[in-house]
Number of protein chains: 2
Amino acid sequence: MQRLADRGLRLTQQRRCIVAQIGAQEAHFDAEDLVSSLAAGDDRVSRATVYRLLPVLVEVGVLREVMRFGSRREFEPVEASEHHEHLVCERCGAVIEFRDQALEDAIESAARKRGFEMHRHSVEMVGLCPRCARAQARAEEDRS
Amino acid sequence: MQRLADRGLRLTQQRRCIVAQIGAQEAHFDAEDLVSSLAAGDDRVSRATVYRLLPVLVEVGVLREVMRFGSRREFEPVEASEHHEHLVCERCGAVIEFRDQALEDAIESAARKRGFEMHRHSVEMVGLCPRCARAQARAEEDRS
DNA sequence: TCCTAGCTGAGACTGTGTCTCAAATCTAGC
DNA sequence: GCTAGATTTGAGACACAGTCTCAGCTAGGA
């Protein structure tokens, strides 16, 4: 909230509602999640307002835009967690968050090596989570 | 083309046109690029057909789906080049392709360490390309 | 040649996100 | 506390990428 004020942005009722709702949200969420959970509550905030505020919160450093699964833009609170990467299971849709210092280092070094001033990055790994990999292996065994 | 036949898929005129057009395409392209370049030529292939074939070509191993810039799904031919990552410049929009073995290794090891069976991955690095980073630095110098 | 599963085209439809503009509201200055 | 005016809002139209439907067509095996 304070960060909005610092930037000369107004602290409207709607913005308070949105920020409060973000606090109540799961780790990842997208604009439509917010719109519907605000609608479910007593807060009346229009879709346009939510869509307008999200990029502002990213710029102000409250949110971080994470990968896009499908076509929706996903967000997560910056302070809630350290930066992390995501494993996406093709079979069950699970999203596994993880942090890997060696990977971070490799990314930063790759950028530096090429004179690139990196502001953010994301790694998307798609495949089978441990559970589905096992299930798949069993299914193939049975077939043979 | 052969790969389609191997899978029991038909080699229709439209599919030949699409595959030929992909060959004539720049490194990256998306469905709309293809649709419009097909329309510009003498080939008449509908949008639906193009959108239908692209995921098939990915599955068959002819194309690879790369990162999504904005909201469009981008593709690139698999054989044209080795797997590579992308640096995206926020300022000029340039996309720099690069390959970094250390980074690949770090990604694979991160997946393996977590029992994840990785099928594909992509790294998106956003920031300033060397040229824009220099321009930015100069601009800030001038201002002070 | 014939048959039919698979493919196509046209356009309606869906979902996500943006834009517009009149009306409402926040905040600085008095 | 009041006022002015700059910002923000809401509702809905719009834009765009991508999907779906279904009647008609066709590749390719028998």
Side-chain angles (χ1 to χ4, degrees), chain A residues 1-22 25 28-60 62-63 65-75 93, chain B residues 1-22 25 28-60 62-63 65-76:
Chain A
M1 256 355 305
Q2 198 48 48
R3 308 223 195 157
L4 290 174
D6 293 349
R7 289 284 193 110
L9 297 166
R10 292 190 180 167
L11 304 182
T12 64
Q13 197 51 46
Q14 290 86 341
R15 289 179 172 176
R16 287 174 214 274
C17 289
I18 293 171
V19 171
Q21 191 56 245
I22 286 173
Q25 217 64 28
H28 292 150
F29 62 91
D30 59 43
E32 293 298 326
D33 289 343
L34 268 188
V35 170
S36 51
S37 47
L38 284 165
D42 293 340
D43 312 317
R44 302 198 155 276
V45 183
S46 83
R47 214 162 71 94
T49 302
V50 172
Y51 273 95
R52 262 187 300 239
L53 188 61
L54 288 175
V56 172
L57 292 176
V58 169
E59 193 173 333
V60 155
V62 172
L63 293 180
E65 189 174 344
V66 293
M67 272 181 315
R68 290 163 195 189
F69 304 121
S71 54
R72 288 187 172 189
R73 279 201 214 156
E74 301 228 335
F75 299 87
Chain B
M1 258 350 307
Q2 198 47 50
R3 309 223 195 159
L4 290 174
D6 292 347
R7 290 283 193 112
L9 297 167
R10 292 192 180 165
L11 303 182
T12 63
Q13 197 51 48
Q14 291 85 343
R15 289 180 173 179
R16 286 174 213 276
C17 288
I18 293 170
V19 171
Q21 191 56 245
I22 285 173
Q25 217 64 29
H28 291 151
F29 62 90
D30 58 44
E32 292 300 325
D33 290 344
L34 268 188
V35 170
S36 51
S37 47
L38 284 165
D42 291 341
D43 311 318
R44 300 195 158 279
V45 183
S46 82
R47 215 163 72 95
T49 300
V50 173
Y51 273 96
R52 264 188 297 240
L53 188 60
L54 288 174
V56 173
L57 292 176
V58 168
E59 193 172 334
V60 155
V62 172
L63 293 181
E65 188 174 346
V66 293
M67 269 181 315
R68 290 162 195 191
F69 305 121
S71 54
R72 289 186 173 191
R73 278 201 215 158
E74 302 228 333
F75 299 87
E76 69 185 8

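Within every chain, numbering begins at 1; the chains are lettered A, B, ... in the order of the sequence lines, protein sequences first and strands thereafter.
- Here the OG1-CZ distance, from A/Thr49 to A/Arg44, works out to 13.0 Å after rounding to the nearest 0.5 Å.
- Regarding contacts with the backbone of D/dT26, every side-chain N or O of B/Arg10 stays at 4.0 angstrom or more from both OP1 and OP2.
- We find that CD of B/Gln13 is positioned 15 Å from C1' of C/dG9, with the value rounded to whole Å.
- Residue B/Arg16 places none of its side-chain N or O atoms closer than 4.0 Å to OP1 or OP2 of C/dC7.
- For C/dG6, the OP1/OP2 oxygens have no side-chain nitrogen or oxygen of B/Thr12 closer than 4.0 Å.
- Candidate nucleotides C/dG17, C/dC26, C/dA5 were compared by shortest atom distance to the side chain of A/Ala31, and C/dG17 ranks first.
- The one candidate from A/Arg72, A/Arg73, A/Arg47 that meets the salt bridge (charged side-chain N to carboxylate O under 4.0 Å, His left out) condition with A/Glu32 is A/Arg47.
- In terms of phosphate contacts, B/Arg15 brings a side-chain nitrogen or oxygen within less than 4.0 Å of OP1 or OP2 of C/dC7.
- In terms of phosphate contacts, A/Gln14 brings no side-chain nitrogen or oxygen within less than 4.0 Å of OP1 or OP2 of D/dT8.
- Non-hydrogen atoms lying under 4.0 Å from DNA chain D are contributed by B/Arg47, B/Ala48, B/Tyr51, B/Arg52, all within residues 47-55 of chain B.
- As rounded to whole Å, 10 Å separates atom P of C/dG9 from atom CG of B/Leu38.
- When rounded to the nearest whole Å, the span between CG of A/Asp33 and P of C/dG17 equals 10 Å.
- Rounded to whole angstrom, the span from the CG atom of B/Asp30 across to the P atom of D/dG18 amounts to 7 Å.
- Look at A/Arg72 and you'll find a side-chain N or O under 4.0 angstrom from OP1 or OP2 of C/dT16.
- The separation between B/Leu9 atom CG and D/dG28 atom P is 11 Å, rounded to whole Å.
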